[in-house]
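For clarity, every value in this text was computed on a predicted model and none was experimentally measured. Excluded from the calculations below are hydrogen atoms, water molecules and symmetry mates; all remaining heavy atoms, backbone and side chain alike, are included. Start at 1 and go down the list; that is how both ligands and their atoms are numbered.
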Amino acid sequence: MAEEHPTARKKKWLVAVSFLAVFALVIVFGPGRLVRPRFSFASQDDKADPNNATEQELKKSAENKPPRPLHTHRSFSERIHQRQMMVARQIRARDVQDANVLAAMRTVPRHAFVRGRDLRRAYYDHPLAIGYGQTISQPYIVAYMTESLKLDPNSTVLEVGTGSAYQAAVCAEIAREVYTIEIIEELAASAKSRLKELGYTNVFARAGDGYYGWKQKVPFDAIIITAAAPLVPPPLIEQLKPGGRMILPLGSPYGAQTLVLITKDDKGKIRSKSLLPVRFVPMIGHVTKADQSPEK
Ligand code: SAM
């Protein structure tokens with residue numbers, strides 16, 4: 001009988017031992033943990049692991065769950081380091097602390113919301129032009145305004161001034177649903193298709209004058225106006241839920257503006273608080289007429 005060469009036997013042993021070692025590693029750590037990504041997106045909560053839920057709990061949560069942002073578009077896995085740096089240097093450093101807001105700012109691919117010529121500047125600490133004389137706001141201001149709304153996964157948000165839809169996407173990472181209105185039709189159309197392409201199934205966008213709000217979807221837990229208004233539009237105060245919060249830049253388009261937080265308590269009493277001097281593009285449409293007193 002031919003006997004196996006000792007070197008060949010040794011090789012077979014080595015192969016068998018290596019195979020067993022890999023098998024043991026996969027059993028101990030699980031395939032998911034061996035290839036776990038180092039970065040997790042907003043709204044992917046480990047605590048909400050469906051593997052730990054009972055069948056009944058799973059059914060109930062599927063019924064109650066709003067559609068969540070998908071994060072499957074390639075932009076989400078691009079420029080992650082730039083977003084982390086933006087959050088660390090421009091946002092956390094200026095004392096925005098809400099963990100959901102920080103996670104949302106790390107998640108939303110701002111470079112997918114700016115013009116091709118501005119890709120290099122997408123994560124810089126300033127606003128950028130988006131066409132039609134409008135801008136995408138400075139990242140810090142987006143984070144600051146979002147934090148002031150105290151959003152949670154059950155919140156329904158109204159935004160006036162969709163622009164690029166970046167602010168709407170940031171809110172959509174935290175809130176249940178976001179309704180956003182843009183007065184410039186071309187911007188509304190491009191924002192809508194951008195949101196669709198990026199998988200923001202919980203953002204609803206339309207063209208129109210945001211002064212009147214979105215009556216069919218009232219009331220809102222939070223309202224954010226991202227253009228400077230000379231006054232707080234009364235229809236929006238009405239559309240705010242008791243216990244709700246609204247933030248807007250209040251002031252003249254050419255002079256001083258202040259970010260103002262409006263709160264409505266459970267009895268419907270309105271309070272306002274000035275937060276920060278800012279500079280926004282003006283709100284247009286009905287608000288400009290509403291601002292004129294009768295004798296003018
Ligand atoms: N939130 C935007 C973003 O994330 O890109 C930035 C908004 S930009 C500073 C202000 C936007 O408000 C502009 O796109 C402008 O056309 C829009 N706007 C101005 N007046 C409006 C109104 N009455 N109703 C709806 N949108 C309005």
Side-chain angles (χ1 to χ4, degrees), residues 69 86 91 101 104-105 107-115 118 121-124 126-146 148-149 151 157-175 178-195 198 200 203-215 217 220 222-236 239 246-254 257 259 276 278-291:
M86 172 189 82
I91 297 169
V101 175
M105 298 298 292
T107 298
V108 182
R110 189 172 157 90
H111 64 284
F113 293 79
V114 303
R115 295 188 294 186
D118 288 322
R121 289 184 280 266
Y123 295 96
Y124 284 13
H126 51 66
L128 289 166
I130 55 171
Y132 304 93
Q134 307 304 325
T135 54
I136 174 173
S137 306
Q138 180 190 8
Y140 165 64
I141 293 295
V142 172
Y144 182 91
M145 290 176 82
T146 311
S148 72
L149 292 174
L151 302 179
V157 182
L158 173 69
E159 182 195 28
V160 174
T162 316
S164 69
Y166 177 67
Q167 173 74 73
V170 168
C171 290
E173 292 291 341
I174 308 167
V178 179
Y179 294 86
T180 180
I181 309 172
E182 168 57 51
I183 203 163
I184 299 176
E185 295 219 358
E186 291 84 347
L187 284 178
S190 61
K192 215 170 171 172
S193 61
R194 179 176 294 124
L195 289 163
L198 291 172
Y200 280 99
V203 184
F204 306 90
R206 70 165 171 86
D209 187 342
Y211 177 90
Y212 303 103
W214 197 315
K215 283 185 200 133
K217 299 293 171 187
F220 297 100
I223 299 181
I224 176 167
I225 306 180
T226 61
L231 52 85
V232 186
L236 298 185
Q239 294 181 21
M246 182 193 312
I247 189 158
L248 77 157
L250 200 59
S252 142
Y254 311 105
Q257 299 167 9
L259 270 188
L276 203 68
V278 281
R279 187 143 195 88
F280 273 75
V281 293
M283 186 169 177
I284 53 180
H286 183 83
V287 82
T288 54
K289 296 174 204 135
D291 185 34

With a 4.0 Å cut-off on heavy atoms, does [X] reach ligand 1?
X      : result
Ala168 : no
Val287 : no
Gly285 : no

Could you tell me, atom by atom, which parts of ligand 1 come under 4.0 Å of a heavy atom of [X]?
X      : result
Met283 : 19 (C), 20 (N), 23 (N)
Ala227 : 12 (O), 19 (C)
Val160 : 24 (N), 25 (C)
Gln167 : 1 (N), 4 (O)
Glu159 : 1 (N)
Tyr166 : 4 (O)
Ser164 : 3 (C), 4 (O), 5 (O)
Ile184 : 16 (O)

If I compare all heavy atoms of [X] with all of [Y], which pair ends up nearest, and what's the gap?
X      : Y      : answer
Leu248 : Leu231 : CD1-O, 4.3 Å
Ala175 : Val157 : CB-CG2, 3.7 Å
Pro253 : Arg279 : O-NH2, 4.0 Å
Val278 : Pro249 : CG2-CB, 4.0 Å
Ile247 : Ser148 : CD1-OG, 3.1 Å
Trp214 : Gln239 : N-OE1, 2.9 Å

What protein heavy atom lies closest to [atom]? Include the residue and the distance to one decimal.
atom                    : value
atom 20 (N) of ligand 1 : Ile284 N, 2.9 Å
atom 10 (C) of ligand 1 : Thr226 O, 3.2 Å
atom 8 (S) of ligand 1  : Thr135 O, 3.1 Å
atom 14 (O) of ligand 1 : Glu182 OE1, 2.7 Å
atom 13 (C) of ligand 1 : Gln134 OE1, 3.2 Å

Would you kindly say whether Ser137 and Gln167 are connected by a side-chain donor-acceptor distance under 3.5 Å?
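Note: Ser137 and Gln167 side chains miss the donor-acceptor criterion.
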Would you indicate whether the side-chain heavy atoms of Tyr200 and Val108 approach each other to under 4.5 Å?
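Yes - at least one pair of side-chain heavy atoms lies under 4.5 Å apart.
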Purely on distance, is any nitrogen or oxygen of Gly161 under 3.5 Å from one on ligand 1?
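The answer is yes, given that Gly161 and ligand 1 share an N or O pair closer than 3.5 Å.
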Taking N or O atoms only and a 3.5 Å limit, does Tyr211 qualify as a polar contact for ligand 1?
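No; every N/O pair is 3.5 Å or more apart.
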If we ignore hydrogens and angles and just use 3.5 Å, is the side chain of Asp209 paired with the main-chain N or O of His286 as donor and acceptor?
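It does hold such a pair.
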Is there a donor-acceptor pair closer than 3.5 Å between any side-chain N or O of Thr162 and the backbone N or O of Ala191?
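Checked: no pair found.
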Glu185, CD: over 12 other non-hydrogen atoms inside 6.0 angstrom:
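No, CD of Glu185 has 12 or fewer neighbouring heavy atoms, counting only those of other groups under 6.0 Å.
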Which is closest to [atom] in terms of heavy atoms, [options]?
atom                    : options                        : value
atom 24 (N) of ligand 1 : Gly210, Pro127, Ala228         : Gly210
atom 2 (C) of ligand 1  : Ile136, Thr162, Leu187         : Thr162
atom 18 (N) of ligand 1 : Val114, Ile225, Ile183, Ile224 : Ile183

With Arg110 as the cation and Tyr123 as the aromatic partner, state whether NZ or CZ is under 6.0 Å from the six-membered ring centre and within 45° of the axis.
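Ring-cation test returns no.
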Output the distance between atom CD1 (Ile184) and atom CD1 (Ile130), rounded to the nearest 0.5 Å.
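Going from CD1 on Ile184 over to CD1 on Ile130, the span is 8.0 Å.
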